[in-house]
Amino acid sequence: MSVTLQPVSAENWRALIQLKVREEQSHFVASNLMSIAESQFGFDDEGHWNSHPFGIYAGEEPVGFLMYAANYAHSRIHVFIMRLMVDEKFQGKGYGRDAINLILENFRADERVRVAAISYSPENVGAKKLYASLGFVETGEMAGDENLAVLNLR
Ligand SMILES: CC(C)(COP(=O)(O)OP(=O)(O)OC[C@H]1O[C@@H](n2cnc3c(N)ncnc32)[C@H](O)[C@@H]1OP(=O)(O)O)[C@@H](O)C(=O)NCCC(=O)NCCS
């Protein structure tokens, strides 16, 4: 099934907020409703970070959510993958990996993006393994209570 990322819109946000992770995973990621609310405002850290929220689609079916924030003027990190989730019914089918690969392709095509970052809970073994397999390397720093990992793209 071909996986695509579609920007959150007036048409799809209601379907995307229905997607849920497993109960025992719920402390790893905010709800999509919360993420879409946050995405309206971005945040400030060494300049402004704009948020870019997407639905992950397998064919026509919404299966997950991905959001990154960008601040191309930042001294060290230019894009931060803030959220990734795949609905409990669709996990383990390669959609999470495909979604990250798609966003990394976009980053690689954009010369403003030199370093991508991600953070995850130290207990989130699945996420850690996935990001490490794509080349993200832990810096040893924490982003809040999460491990920070970075990927140099150029
Ligand atoms: C993490 C998540 C997005 C992965 O999406 P997915 O579609 O289920 O994952 P994929 O099928 O693409 O698998 C990708 C890799 O993830 C790893 N993985 C995913 N879940 C795992 C688990 N529970 N245990 C161990 N490895 C796991 C595997 O290494 C897998 O690699 P493989 O392709 O070599 O088998 C999904 O499990 C999820 O939504 N989890 C809850 C929310 C969360 O933790 N988000 C990340 C916050 S940083």
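Atoms within a ligand are numbered from 1 in the order they appear, just like the ligands themselves. Numbering of residues begins at 1 and proceeds along the displayed sequence.
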For this session: May I have all residue pairs that pass ring-ring contact (aromatic ring centres under 6.0 Å, His included) and include part of residues 131-154, sequence neighbours excluded?
Result: Tyr120-Tyr131
For this session: Taking side-chain hydrogen bond (donor to acceptor under 3.5 Å, both in side chains) as the test, write out the residues that go with Asp87, two or more places apart.
Result: Lys89
For this session: With sequence neighbours excluded, tell me which residues meet side-chain hydrogen bond (donor to acceptor under 3.5 Å, both in side chains) with Arg154.
Result: none
Problem set entry | Euclidean distance, Leu104 CG relative to Leu151 CG, rounded to 0.5 Å | 6.0 Å
Seminar exercise, completed: Less than 4.0 Å from some atom of ligand 1, heavy atoms are found in residues Val21, Gln25, Phe28, Val29, Leu84, Met85, Val86, Gln91, Gly92, Lys93, Gly94, Tyr95, Gly96, Arg97, Ser119, Tyr120, Asn124, Gly126, Lys129, Leu130, Tyr131
Problem set entry | Asn12 (side chain) donor-acceptor with Pro7 (main chain) under 3.5 angstrom | yes
Exercise. So do the side chains of Leu148 and Met142 get within less than 4.5 Å of each other, counting heavy atoms only?
Worked result: no
